[in-house]
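Below: one structure, written as structure tokens.
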Amino acid sequence: MLTRTKEQEIHEFLQEFPAVGIIGPRQCGKTTLAKQILNGHESSIYLDLENPDDKAQLQNPTLFFERNRDVLLCLDEIQLEPELLTNIRSIIDQR
């Protein structure tokens, strides 16, 4: 795998911001980069929102986020569930 030039920048953003988005064109390596970053953390969860089992874990997003407040979360394909962005913003604002 090629070394991602943005990996260090994302690590720095994660130290400063409660949420970081990785955007780009299809098939450019966003998921690979996210998984590589998750592998570097002690406690992380990856959810692919195209996967029904992963999506089901977010039936009660407030509870899910509260239970995993100290975990690095990756919500891949979050654009498929735009209402989650409202939940995330609310939780971030509470902190």
_For the CD1 atom of Ile37 and the CD atom of Gln8, what is their distance to the nearest 0.5 Å?_
9.5 Å

Atom pairs and distances, side-chain donor-acceptor, residues 60-73, under 3.5 Å, sequence neighbours left out:
{"unit_1": "Asn60", "atom_1": "OD1", "unit_2": "Thr62", "atom_2": "N", "d": "3.4"}
{"unit_1": "Asn60", "atom_1": "OD1", "unit_2": "Leu63", "atom_2": "N", "d": "3.1"}
{"unit_1": "Glu66", "atom_1": "OE2", "unit_2": "Arg69", "atom_2": "NH1", "d": "2.8"}
{"unit_1": "Asn68", "atom_1": "ND2", "unit_2": "Phe64", "atom_2": "O", "d": "2.8"}

Under 3.5 Å, which donor-acceptor pairs link side chains of residues 15-30 to any protein atom two or more places apart or in another chain?
{"unit_1": "Lys30", "atom_1": "NZ", "unit_2": "Gly24", "atom_2": "O", "d": "3.2"}
{"unit_1": "Lys30", "atom_1": "NZ", "unit_2": "Pro25", "atom_2": "O", "d": "2.8"}

*Identify whether Ile88 and Leu14 are in the same connected component of the hydrophobic contact network (ILVMFWY, side-chain heavy atoms under 4.5 Å).*
no

*Hydrophobic cluster mates of Leu80, side-chain heavy atoms under 4.5 angstrom, ILVMFWY only, any path?*
none

*Strictly by modelled atom types, are Gln59 and Gln57 linked by a side-chain donor-acceptor pair under 3.5 Å?*
no

Kindly list each side-chain donor-acceptor pair under 3.5 angstrom involving residues 44-56, sequence neighbours excluded, with atom names and distances?
{"unit_1": "Ser44", "atom_1": "OG", "unit_2": "Leu38", "atom_2": "O", "d": "3.3"}
{"unit_1": "Tyr46", "atom_1": "OH", "unit_2": "Asp76", "atom_2": "OD2", "d": "2.6"}
{"unit_1": "Asp48", "atom_1": "OD1", "unit_2": "Glu50", "atom_2": "N", "d": "2.9"}
{"unit_1": "Asn51", "atom_1": "OD1", "unit_2": "Asp53", "atom_2": "N", "d": "2.8"}
{"unit_1": "Asn51", "atom_1": "OD1", "unit_2": "Asp54", "atom_2": "N", "d": "3.4"}
{"unit_1": "Asp54", "atom_1": "OD2", "unit_2": "Asp48", "atom_2": "N", "d": "2.8"}
{"unit_1": "Lys55", "atom_1": "NZ", "unit_2": "Glu81", "atom_2": "OE2", "d": "2.8"}

_Partner set under side-chain hydrogen bond (donor to acceptor under 3.5 Å, both in side chains) for Asn39, not counting sequence neighbours_ = none

_CD/Glu83: more than 12 non-hydrogen atoms of other groups inside 6.0 Å_ = yes

*Test salt bridge (charged side-chain N to carboxylate O under 4.0 Å, His left out) applied to Glu9 - qualifying residues, sequence neighbours left out*: Lys6

*asked:* Tell me whether Leu33 shares a hydrophobic cluster with Leu75, the cluster being built from Ile, Leu, Val, Met, Phe, Trp, Tyr side chains joined at under 4.5 Å.
replied: no

